[in-house]
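Reading through the structure tokens given below for one structure.
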Amino acid sequence: MVLLGWTEKSGVQTEAASCLLMANERLRALEEVEKEIAMILQCAGNIVMELSKDKHNASHLDRQLVQFQSSVNRVENELSSQIRYLTQVATGQPHEGSTYSTRKDCQMALNRAEYTKVKLGELGRTCEFMLEQQQQT
């Protein structure tokens, strides 16, 4: 079947490659989040160690705190983005990179066209049968 200039096979292959690329990009982003979480834990540990000392190094604490806060913000932003994406996918809303809704609409139109073809065939056979009966009488 040809659809918008693409054969069904190459269109599916192109779409599959696109989905795979997007999935790999999302996984890479989650790996970066994992590294940021490790950085957060390391900063928190450094802050606790510095606070446990009798004499604190204020500049070291400030640097660790700034790094901790910026890492938390990056993790929060990326996880929010991932959650928004998953919410859109789960609720069927259109989202960047998805052709599901368009493919679904196209498939439904093809199903309706096939149903119409079958019904027109049945109607044609009924008309032929009725014409044959009229000619015999």
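Hydrogens, waters and symmetry mates play no part in the numbers below; they use all other heavy atoms, side chains included.
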Tell me whether [X] shares a hydrophobic cluster with [Y], the cluster being built from Ile, Leu, Val, Met, Phe, Trp, Tyr side chains joined at under 4.5 Å.
X	Y	result
L41	M49	no
L79	V72	yes
V75	M39	no

Please round to the nearest 0.5 Å and tell me the distance separating atom [atom1] of [X] and atom [atom2] of [Y].
X	Y	atom1	atom2	result
H60	L65	NE2	CG	11.5 Å
H56	I47	NE2	CD1	12.0 Å
I37	L30	CD1	CG	9.5 Å

Counterpart residues, salt bridge (Lys or Arg N to Asp or Glu O under 4.0 Å), relative to [X] (two or more places apart):
X	value
K117	none
R63	none
E32	K35
E34	none

Using every non-hydrogen atom in the two residues, find where V33 and E78 come nearest and quote the distance to one decimal.
CG2-CG, 3.3 Å

Inspect the contact between E128 and R125 and indicate whether a charged nitrogen and a carboxylate oxygen are less than 4.0 angstrom apart.
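Salt bridge flag = no for E128 with R125.
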
Would you call E31 and R28 a salt bridge, using N to O less than 4.0 angstrom?
no

Are E132 and Q136 close enough that a side-chain donor and a side-chain acceptor fall under 3.5 Å?
no

Filter on side chain to side chain donor-acceptor pair (under 3.5 Å), then keep only pairs touching residues 64-74, sequence neighbours left out; what's left?
E36-S71, E36-R74, N46-Q64, S71-R74

According to side-chain contact (heavy atoms from CB on, under 4.5 Å), who are the partners of Q107, at least two apart in sequence or on a separate chain?
L110, N111

For R112, does its backbone N or O pair with a side-chain atom of T116 as donor and acceptor, under 3.5 Å?
yes

